[in-house]
Amino acid sequence: MIRATGREALAQLREVLGVLTPARDGDMAPAAPPAGLRDVEDLVDRSRAAGIPVSLDVGGTVRPLPDMVEHAAHRIVQEALTNVGKHAGRVPTEVGLRYLPAALEVTVHNAAPSGPADPLPGSRLGLVGLRERVQLLGGEFGARSLPEGGEGGFAVSARLPAPAVASPAPAAEGEPV
């Protein structure tokens, strides 16, 4: 799962660079849509395939959101699930997406591991990068260990400003589409 996440992050970086650089023939290369909320279920499925019991709970009225918000939410879930695999192992994990009138709340909470996890290499910058990404969007970010007296574990949460994306108005009769 960690290797697949790394490959996906590199592919996303290549997509960004592809958007910024012209194709060899001088035309702009067509860009694939950035990863978004439609891809969160795939992240959950990949974590399950890696042996992590993950549940996904979506609340509120699902609606299209700005691409930057959707991509940030996807990256939050992706990084948090990667961290579960790296630091907690195969523990029950809950992913939550709550559509509020003017925001999207993203939460990932995992139970405490039964023992110490094997240390894995990492930059330790994943959560820092998420915090910066969320703050750039005007949102709030939190990541914290939970008290062992309660459920224990770790929680990542974000509240992203998320105005609804206006749907294009239908074309009037006789007007070109």
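The CG atom of Asp57 sits 8.5 Å away from atom CD of Glu94, with the distance rounded to the nearest 0.5 Å. With rounding to the nearest 0.5 angstrom, the CG atom of Asn83 is 5.0 Å from the CG atom of Leu127. With values rounded to the nearest 0.5 angstrom, Arg75 atom CZ is found 7.5 Å from Thr82 atom OG1. With rounding to the nearest 0.5 Å, the separation of OG in Ser47 from CZ in Arg90 is 11.5 Å. Rounded to the nearest 0.5 Å, atoms CG (Leu104) and CG (Leu137) are 11.0 Å apart. Separation of atoms OG1 (Thr107) and CD (Glu105) is listed at 8.0 Å; rounding is to 0.5 Å.
A continuous path of hydrophobic side-chain contacts links Val58 to Val156 [ILVMFWY only; heavy atoms under 4.5 Å]. In the hydrophobic cluster analysis, where Ile, Leu, Val, Met, Phe, Trp and Tyr join through side-chain heavy atoms closer than 4.5 angstrom, Val62 is grouped together with Val44.
Checking side-chain atoms of Thr93 against main-chain N and O of Val91 turns up a donor-acceptor pair under 3.5 Å. In this structure, Arg48 contributes its side chain and Val54 its backbone to a donor-acceptor pair below 3.5 Å. Proximity of a side-chain donor or acceptor of His71 to a complementary backbone N or O of Ala35 within less than 3.5 Å is detected. Using a distance-only test at 3.5 Å, with no hydrogens or angles considered, a donor-acceptor pair links the side chain of Arg131 to the main chain of Phe141.
At least one side-chain heavy atom of Asn110 sits less than 4.5 Å from a side-chain heavy atom of Phe154. Contact of the Leu81 side chain with the Arg46 side chain is not registered, since no non-hydrogen atoms from C-beta on lie closer than 4.5 Å.
Nearest heavy atoms, Pro163 versus Pro66: O-CD, 3.3 Å. Closest approach of Leu100 and Arg159 over heavy atoms only: CD1-NH1, 3.4 Å. In this structure, Asp67 and Pro34 approach most closely via the heavy-atom pair CB-CG, 4.5 Å. Across all non-hydrogen atoms, the minimal contact from Ala162 to Arg63 is O-NH2, 2.7 Å. Nearest heavy-atom pair, Ala111 versus Ala88, reported as atom, atom and distance to 0.1 Å: O-CB, 4.4 Å. Among all heavy-atom pairs drawn from His87 and Pro113, the shortest one is O-CG, 4.3 Å.
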